[in-house]
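So the structure is just underneath, and the comments pick up after that.
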Amino acid sequence: MPCFKGIAVSIHANGAPVPEYGIQKQSRMSRINTYIPVPQPQVSGDTNRAEPAKFAISITLLTPGLAIPYSTPKITPANPFPKPQIVGPIPSIAGERGQANLITPYIPLTNSENETIAAYIYFDGRGKEEVATLLRPGEETWVNSRWVQVPTSEGGGLAEREFLFREVGLERWLNGLDLKGHDAAEKLERRRQKFEKRRRRQKAREDGVGGMDIGGSSSRGRGTLRYGADERSPVEAVFDEDSLSSSDDDEPPEATGQIKVAMFRVLASGEIKKGEYSPQFDAHDDSEDEKGGNGIDADVEHTTSFAKPKTLDPKTISTQTVTGIDGPDKPYAVFTFFYRGERKSPTF
């Protein structure tokens, strides 16, 4: 990631995309997974206490000629006028070779101008989506909160609760993981071996070509990118031989420690309605105990959580009826981010 099957998805915290590690791509299953580090809590100047790191999800349906979000390198003396990476043309229209340095755009299934993507966001293996949002081709959609209903006893109305990573005791975090199965150690060893093979291939390629030919020898457009930690090159190509293609029995379980974004193709032809929304969550659903110390150096891990409710103006909300193209159990693409604290970071 962030680009897969013509869609760019990234997790943001502290004003920048979070680096991604250990890509696992399953093209046949239309799935792609990656690991991200949880940002450190930020110390508030008002209270001198560490505040949980907030995060947001950026989703863009890529169209030909669009600048890939957040792909522009930082300005340096050697590159004073950096340029973003650009989405290439639709392959069937281009009809030419030499597009290896361009990312492939979203390719519509129908001829309808109303075709788009509905994105459903899930946290920590829960069956109910936190948010469902409709993408507009070529426009970035920014999702950073759950919309909730305020009880009548508290004034009623709508509110939003921003996404954040909350620290929890390590024992509680482990209880949320699916650690069942006698072959867990065997699966971990297979994954370790895949990582090691990937490192050796990358080193061989760098030694052989100096890391200059990002397009490789193939004339096909690239379908997958990921965000790295190098500000001089924010996004990096992920080649098929680099991704850790998991077999079905090696799929990580639906459990604590993940953010999943499921994409479904739809026809958005219904009437757009303003100010009509019925939240499926109460303002106090999934509230956490916020008491305790700053916990920066504590023996903790993390889980997704939500900030205190903030009033939301219904007039800023619009909804639209859509007709599904993909079946409910066959998404067009699934992006999964496995988030881990510093304790787990060396295993990336």
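All residue numbers refer to positions in the sequence shown, counting from 1.
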Roughly how far, to the nearest 0.5 Å, is the [atom2] atom of [Y] from the [atom1] atom of [X]?
X    : Y    : atom1 : atom2 : result
T304 : I121 : OG1   : CD1   : 11.5 Å
L267 : I325 : CG    : CD1   : 4.0 Å
Y35  : T336 : OH    : OG1   : 10.0 Å
K5   : R265 : NZ    : CZ    : 6.5 Å
I7   : L135 : CD1   : CG    : 6.5 Å
T311 : E160 : OG1   : CD    : 9.5 Å

Single-linkage hydrophobic cluster [X]~[Y], side-chain heavy atoms < 4.5 angstrom:
X    : Y    : answer
L134 : Y120 : no
V266 : I117 : no
I259 : F335 : yes
Y277 : L312 : yes

In terms of heavy-atom contacts, does [atom1] of [X] have more than 12 from other residues, nucleotides or ligands at under 6.0 Å?
X    : atom1 : result
I75  : CD1   : no
E113 : CD    : no
K128 : NZ    : yes
D329 : CG    : yes
F281 : CZ    : yes

For a quick test of reading the model, state the closest non-hydrogen atom pair linking [X] to [Y] and the distance between them.
X    : Y    : value
L66  : L61  : CD2-O, 4.4 Å
F163 : I57  : CE1-CD1, 4.4 Å
A268 : Q320 : O-NE2, 3.2 Å
Q280 : E129 : NE2-O, 2.9 Å
T133 : V143 : CG2-CG2, 4.1 Å
E20  : V9   : OE2-O, 4.2 Å

Decide yes or no for [X] and [Y]: does some side-chain heavy atom of the first lie under 4.5 Å from some side-chain heavy atom of the second?
X    : Y    : value
V322 : T116 : no
M263 : I59  : yes
P84  : I68  : no
S305 : L164 : yes
P69  : L62  : yes
R161 : S145 : no
W147 : L158 : no
K274 : I317 : no

Decide yes or no on side-chain contact (heavy atoms from CB on, under 4.5 Å) for K260 and V334, but give the supporting numbers first.
CA-CA 7 Å; K260 183 171 73 174; V334 177; 3.6 Å; yes
Using the salt bridge (charged side-chain N to carboxylate O under 4.0 Å, His left out) criterion, which residues pair with E115? Sequence neighbours excluded.
none
For K330, the salt bridge (charged side-chain N to carboxylate O under 4.0 Å, His left out) test, sequence neighbours excluded, returns none
Hey, mind stepping through Q85 and S71 against side chain to side chain donor-acceptor pair (under 3.5 Å) and telling me if it holds?
CA-CA 6 Å; Q85 296 194 35; S71 65; 5.8 Å; no
Just one of F337, F165, Y339, F55 clears the ring-ring contact (aromatic ring centres under 6.0 Å, His included) bar with F123, so which one?
F55
Report the C-alpha distance between S269 and N114 in whole Å, list the side-chain angles of each, state the deciding distance to 0.1 Å, and finish with yes or no for side chain to side chain donor-acceptor pair (under 3.5 Å).
CA-CA 6 Å; S269 55; N114 295 320; 5.0 Å; no
When the ring planes of W142 and Y70 are compared, do they come out parallel, tilted or perpendicular, using 30° and 60° as the limits?
tilted
Dump the intermediate steps for side chain to side chain donor-acceptor pair (under 3.5 Å) on E140 and S58, then the final yes or no.
CA-CA 7 Å; E140 180 184 23; S58 168; 2.5 Å; yes
Return yes if some donor-acceptor pair links the side-chain N/O of D285 with the main-chain N/O of D282 below 3.5 Å, else return no.
yes
